[in-house]
A.B. asks: 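Mind looking over this structure? Questions follow.
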Amino acid sequence: MKSLLKSSPGAGAGAAAPHAARGGSSTVLGAALLGFFLISLDALIVTVALPDIGRSLGGGMSGLQWVVDGYTLIFAALMLSAGALSDRIGARQAYGGGLVLFGLASAACGLAPGLGVLVAARLVQGGAAAVMMPASLALVRQGFPDQAKRARAIAVWTVGGAVAVAAGPVLGGALTASVGWRWIFFVNLPAGLLALALLTRVPASPRLPARLDVVGQVTAVVAMGALTYGVIEGGDKGFGRPTVVVSLLVAAGAAAAFLAAQAKGSHPMLPLPLFRSRVVAVSLVVGFMLNAAYYGGVFIFSLYLQQERGQSALHAGLMFIPMTALVAVVNLASAKLASLFGPRVPMVAGQLVGTAGLLALLTVGPHTNVWVVAALMVPVGLGGALTVPALTAMLLDAVPADRAGTASAVLNTGRQVGGAISVAVFGALLAGADTFLAGMRWSMLLAAAGLVLTAGATLTLPRAGRGRREA
């Protein structure tokens, strides 16, 4: 990942420039954009379909949590080292292989005869997405050697992810209600084939020297997997069960081994000195908490609207449109505010707006008008949209240019982990509460408290222009 965002063209970018001209920069961008769209779409499209999946394949709350977290967990765990893999075998080759694997896993999800097979296929999907993510950005970099054109291309690339996040619940609800939940996975196949067709017009990417941190990668997967398993199973069956206790102990041991590997390894995938910067450390926890509130909220209210209020999957998906419709506009407003007042202002404002939305959702009851519920969810989405652009800009400004790719990967990993952990924790709260509404309210309170704490931490960051000196 280090080579992806450098401001000056490196060997890979320079070597790729003539190839990009022959393949066509629009072709490169189209292929990369489609893959990023699919990656982002599959993080949320499944959420609205969970009740139908449960009725079709069986399984309780813990099984449905794994349908969501199986994808997000592996995606987050493998993302840090996937950039090095992309460099080693070439971005085009890694991206093509990831697309093929993602398509095959999507087909397996759609054809799954049982919940276990579906979860296993979702794990493979997440691994493929982790390979595709840095490779797609590397393709954009190689296809646009001019810095100004590359900046515009990356902006278009990011819009693909934003549109997918906004469309996920709606498209998931529409497909589930019209042709069945299996089509939320089958829909990936034509888009993936189109991306592969475009990719055939892009010449092979150069291979760059990059070392893989095998010990760090294995311990990261074990730590995150064991922690998620422990929280999900603990909420379902009780935290005193031996399997849950052992799982949490394994998670703690693997996390310690991971930190030791990063501290002593010659080529760590997560350089610990990066966290000496207060900006980096705070950015990571803010990103974690934002995704925890957003992904956890979509998970909770998808179940609320269908299981508690009897809404169809389509109607439940439509309820998320107000929350997601203004994201692109607010992203632009965040950038404008950051340029006028510095990044702290939109970051703190966004987190407080999100907190207000979470607290407002505490008033939701068994008979609250569903359109009122949809309106109350709006501040949660807008808070994240206001915070993330300024957060990303502050982070990248606080690290040296040769660490920009690593810092970006760390932030994205932290955000994905936040989404995975929130689904596990909120599901545990739902399972352990006397009523669904009680579990939902405890979840919203926990998320609101987290955002208040991270907003306070954001206030300790340096003002605009001081982040670079701190790093």
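Reckoned from all heavy atoms, side chains included, excluding hydrogens, waters and symmetry mates.
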A.B. asks: In the structure I gave you, are the side-chain heavy atoms of Phe36 and Met133 within less than 4.5 Å of one another anywhere?
C.D. replies: yes
A.B. asks: Look only at the side chain of Thr176 and the backbone of Gly173, and say whether a donor-acceptor pair between them is shorter than 3.5 Å.
C.D. replies: no
A.B. asks: I'd like to know if the side chain of Arg309 reaches the main chain of Tyr304, judged simply by a donor and an acceptor atom lying under 3.5 Å from each other, with no hydrogens or angles considered.
C.D. replies: no
A.B. asks: Give the minimum heavy-atom separation between Leu41 and Gly168, together with the two atoms involved.
C.D. replies: CD1-CA, 3.7 Å
A.B. asks: Side chains of Trp183 and Ser178: does their closest heavy-atom pair fall under 4.5 Å?
C.D. replies: no
A.B. asks: Looking at Ser106 and Leu189, what are the two nearest heavy atoms and their distance?
C.D. replies: CB-CD2, 4.4 Å
A.B. asks: Taking atom CG of Leu101 and atom CE of Met132, what is their separation to the nearest 0.5 Å?
C.D. replies: 9.5 Å
A.B. asks: What verdict does the side-chain contact (heavy atoms from CB on, under 4.5 Å) test give for Ile421 and Val231, after you've listed the backbone C-alpha separation in whole Å, the side-chain angles of each residue and the deciding distance to 0.1 Å?
C.D. replies: CA-CA 8 Å; Ile421 295 300; Val231 173; 5.8 Å; no
A.B. asks: Examine distances only and state if a side-chain atom of Thr458 and a backbone atom of Thr454 form a donor-acceptor pair shorter than 3.5 Å.
C.D. replies: yes
A.B. asks: Do the side chains of Phe186 and Leu111 get nearer than 4.5 Å, heavy atoms only?
C.D. replies: yes
A.B. asks: Given 3.5 Å as the limit, does a donor-acceptor pair link the side chain of Thr219 with the main chain of Val215, or not?
C.D. replies: yes
A.B. asks: Compare every heavy atom of Phe426 with every heavy atom of Ala447, then report the nearest pair and how far apart it is.
C.D. replies: CB-CZ, 4.0 Å
A.B. asks: Between Phe320 and Leu44, is there a side-chain heavy-atom distance shorter than 4.5 Å?
C.D. replies: no
A.B. asks: Arg122 vs Asp42, test: salt bridge (Lys or Arg N to Asp or Glu O under 4.0 Å). Steps then yes/no.
C.D. replies: CA-CA 10 Å; Arg122 287 284 284 171; Asp42 269 62; 3.8 Å; yes
A.B. asks: Please report the closest heavy-atom contact between Gln416 and Ala76, naming both atoms and the distance.
C.D. replies: CB-CB, 3.5 Å
A.B. asks: From Leu139 CG over to Leu198 CG, what is the distance, rounded to the nearest 0.5 angstrom?
C.D. replies: 11.5 Å
A.B. asks: In chain order, what residues pass the side-chain contact (heavy atoms from CB on, under 4.5 Å) check against Ala292, with sequence neighbours excluded?
C.D. replies: Met289, Ser422
A.B. asks: Might you point out which heavy atoms bring Gly365 and Arg441 nearest each other, and give the distance in Å?
C.D. replies: CA-NH2, 3.8 Å
A.B. asks: Would you check if Val417 and Thr413 make a side-chain contact, meaning some heavy-atom pair closer than 4.5 Å?
C.D. replies: yes
A.B. asks: Are the side chains of Phe185 and Val46 in touch, meaning some heavy atoms are under 4.5 Å apart?
C.D. replies: yes
A.B. asks: About how many Å separate CG of Leu196 and CG of Leu99, when rounded to the nearest 0.5 Å?
C.D. replies: 4.5 Å
A.B. asks: Keeping the roles fixed (side chain from Gln306, backbone from Val48), state whether a donor-acceptor pair exists under 3.5 Å.
C.D. replies: yes
A.B. asks: Side chains of Val370 and His315, heavy atoms from C-beta outward: is any pair under 4.5 Å?
C.D. replies: no
A.B. asks: Using side-chain contact (heavy atoms from CB on, under 4.5 Å), reason through Leu358 and Thr355 one step at a time and then give a plain yes or no.
C.D. replies: CA-CA 5 Å; Leu358 292 166; Thr355 300; 5.5 Å; no
A.B. asks: May I ask you to decide if the ring planes of Tyr71 and Phe102 are parallel, tilted or perpendicular, using 30° and 60° as cut-offs?
C.D. replies: perpendicular
A.B. asks: Without placing hydrogens or testing angles, list every side-chain donor-acceptor pair under 3.5 Å for residues 250-260, not counting sequence neighbours.
C.D. replies:
none

A.B. asks: Measuring from atom CG of Asp69 to atom CZ of Phe299, what distance do you get when rounded to the nearest 0.5 angstrom?
C.D. replies: 8.0 Å
A.B. asks: Check for a donor-acceptor pair, side chain of Ser40 on one end and backbone N or O of Phe37 on the other, with a separation under 3.5 Å.
C.D. replies: no
A.B. asks: Can any side-chain N or O of Thr460 pair as donor or acceptor with the backbone N or O of Ala457 at less than 3.5 Å?
C.D. replies: yes
A.B. asks: Just verifying a value: how many Å separate Leu376 CG and Met444 CE, rounded to the nearest 0.5 Å?
C.D. replies: 12.0 Å
A.B. asks: Mind listing the side-chain donor-acceptor pairs of residues 429-436 below 3.5 Å, one per line with the distance, residues two or more places apart or on another chain?
C.D. replies:
residue, atom, partner, partner atom, Å
Thr435, OG1, Ala438, N, 3.1

A.B. asks: Once you round to the nearest 0.5 Å, how far does CG of Leu50 lie from CG of Leu303?
C.D. replies: 6.0 Å
A.B. asks: Check step by step if side-chain contact (heavy atoms from CB on, under 4.5 Å) holds for Ile321 and Leu318.
C.D. replies: CA-CA 5 Å; Ile321 289 180; Leu318 292 174; 3.6 Å; yes
A.B. asks: Ignoring hydrogens, what is the shortest heavy-atom contact between Arg344 and Leu461? Give both atom names and the distance.
C.D. replies: NH1-O, 2.9 Å
A.B. asks: Between Thr72 and Val423, is a side-chain contact (heavy atoms from CB on, under 4.5 Å) present by the stated rule, with each step listed?
C.D. replies: CA-CA 10 Å; Thr72 310; Val423 170; over 6 Å; no
A.B. asks: For residues Thr47 and Tyr295, determine if any side-chain heavy atom of one lies less than 4.5 Å from a side-chain heavy atom of the other.
C.D. replies: no
